[in-house]
Amino acid sequence: MSGAAKRSLTTQVSDAARHWGPALWVAVIAVAIWQLVAWGFDMPSALLPKPAEVWRAAAENRMELLKALYATGLAAAAGLLAAIGLGSLISVAFSQSRRVRLAFFPYVIFLQTVPIVAIAPLLIIWSGYQFRTVVIVTVIVCLFPIVNSVTAGLMAIDRQWSDLFSLYGAGRAKKLARLQIPAAVPYLVLGAKTSSGLAVIGAIVAEFFVGNGTDYDGLGTLMTHWQGFVKTDALIAAVFTSTLLGLFLFGLVHGTSRTLLRRWMDAT
Amino acid sequence: MMPNDRPAASSIHCRDVTVQFAPSSVAVDRVELTVQSGEIVSLIGPSGCGKTTLLRAIAGLQPMNQGRVELDPVAIASEGQIGFVFQQPALLPWASTLQNVLLPLELIGRGTSRLRREAAEHALESVKLADARDKRPHELSGGMQMRASIARALVTGPSILLLDEPFAALDDMLRNELGRLLLSLWQQQQFTAVMVTHNISESILLSHRIAIMRDGVLESVIDNPIAWPRSPSQMRTPEFAQFFGVVSDLLRGPSSATVGAQEDTS
């Protein structure tokens, strides 16, 4: 390895340490406090297992956790992608017609405000105990941030840009395709990032209802199952797995936006 | 039609142009103004006096409540016969400099892809930005962005160029540099131009006549006595200083204006 390459690697490692160091320290301190509380108050494992017990439970149940991670991850990703597609189409419709926006936007807000745990049982009745229902719940949870963000992006067009297109006779379709949609891409990325965390929450909430007594095994299913057997250590392991899934999905959206949409991101 | 196949410069006739945003808010009040073919007229006046609204009305971007704008020969904006330089460069941030300059030609659907590209490259060369064709706007300096914006306005070979305080956000050196560039482009292409500005020196250096607006009303249009061809060195002449005083007095208000005012009656 040349001197320059070594220096570059050293720089990268030190940059990464600077970037992730504070967050890692917080995690180490939190685990230490957890260990102290569980040990100091002599908490029963069923109430608060020690970090090592959670780690052991994760290792013992790794196959089940991995299978559930895959199922929930797939449902969350499918729901997020569907919400991005559907949300973008709805936003285009909202941006093109004030009447459509006035008529339907309150119902998009309704999707955000309605308690998902209240409508999940209804969706199961209508759609069945299956993967599709988990995806539908995820779409409902993810839709609002995307519609809200993309609609704002499509409508927040600088007057000078709008004048420029009008000057050269660009019609509504040309303005939409060549101006509004490109200008809204950073807003779509923002909405997708917000929704990426919500997607995991939506999928797990749906799995609380869908998974019981079926072949479907997601993280939500595992959680309800382990809760029934008071396997707190495994339950906490599932919580950490779902958090990691949320972080992974967020990272995936962030990474995709940075690489594929570099020109937009540089511009914002 | 590409820049080397340009139409004759159009004259602009504003007849009784009135723009009202609310019943009590008249932005442009019965303006009568003629800009001769190949002439540069500066619109100058305090902020909010209606200069930009009048310019937008000339471009066809601002609906009028009364009056009309006649262009002779007819110049159709949607065919690229009117160019507009905005206060900000207004370049699309996701597109390269070349793509930004190509945009008007693509929107009006003129020529083949190859011809459009040639015209855009020619326009970039004319503003000395050929080397920056593949750069995106955030990689350009403020002056380069404004030059790209001028290239975009001229790429269609317009017979009329409208400029809305194009150099307002730039420092004095860049302002002078772009002023020289504008004069050189005008000498080559002989378009008719209307330029909104706050800067008296700029209006004197770059225009044939200066139109002074206040509260939506066109108060006076005065001939610029400074000899052509123009250069920034003329700004140090006594003649320039004297005319600067005249314009400055007119801008301060009717009571200060004592010399040189000539109502535009055309």
Side-chain angles (χ1 to χ4, degrees), chain A residues 84 87-88 91-92 95-96 98 146 149-193 253-268, chain B residues 52-53 55-63 75-97 99-110 134-140 145-146 148-149 152-153 155-156 158 160-166 169:
Chain A
I84 289 173
S88 301
S91 302
V92 167
S95 72
Q96 296 304 296
R98 188 168 178 269
I146 305 227
S149 193
V150 177
T151 304
L154 288 167
M155 295 181 66
I157 295 299
D158 186 283
R159 187 173 88 162
Q160 295 185 138
W161 286 347
S162 187
D163 278 352
L164 178 73
F165 277 70
S166 298
L167 185 73
Y168 295 112
R172 193 176 261 213
K174 257 188 192 170
K175 266 190 186 174
L176 177 67
R178 305 252 353 225
L179 176 61
Q180 289 177 285
I181 289 177
V185 168
Y187 291 80
L188 173 65
V189 168
L190 194 69
K193 276 185 190 171
V253 171
H254 185 66
T256 308
S257 67
R258 278 183 73 88
T259 48
L260 292 181
L261 309 173
R262 190 170 289 275
R263 56 169 63 185
W264 278 267
M265 299 308 285
D266 283 350
T268 53
Chain B
T52 296
T53 307
L55 197 74
R56 284 169 49 80
I58 294 171
L61 294 168
Q62 176 64 55
I76 301 166
S78 60
E79 290 180 6
Q81 289 160 357
I82 298 178
F84 203 114
V85 181
F86 298 93
Q87 191 168 359
Q88 302 297 327
L91 302 172
L92 302 179
W94 54 85
S96 70
T97 308
Q99 287 166 334
N100 267 290
V101 175
L102 268 169
L103 182 71
L105 295 170
E106 289 172 345
L107 290 178
I108 64 178
R110 183 189 291 175
D134 296 323
K135 289 188 174 167
R136 291 212 299 281
H138 74 274
E139 297 173 293
L140 305 179
Q145 287 184 21
M146 192 45 82
S149 172
R152 182 180 60 191
V155 71
T156 56
I160 292 174
L161 182 66
L162 306 173
L163 305 102
D164 184 10
E165 297 187 54

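Lettering follows sequence order; numbering is per chain, from 1.
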Asp164(B) and Thr52(B): side-chain donor and acceptor closer than 3.5 Å?
yes
Short side-chain donor-acceptor distance under 3.5 Å, Lys175(A) and Ser166(A)
yes
Audit row: Glu106(B), Arg178(A), side-chain contact (heavy atoms from CB on, under 4.5 Å) steps and yes/no
CA-CA 10 Å; Glu106(B) 289 172 345; Arg178(A) 305 252 353 225; 2.8 Å; yes
Give, as side chain, backbone, both or neither, the part of Glu139(B) having an atom under 4.5 angstrom from any heavy atom of chain A.
neither
When the 4.5 angstrom heavy-atom criterion is applied to Arg152(B) and chain A, the contacting part is both
Relative to chain B, which segment of Asp163(A) carries a heavy atom at a distance below 4.5 Å: side chain, backbone, both, or neither?
both
Keeping Gln160(A) on the side-chain end and Gln87(B) on the backbone end, is there a donor-acceptor pair under 3.5 Å?
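Yes; judged by distance alone, with no hydrogens or angles, the pair exists.
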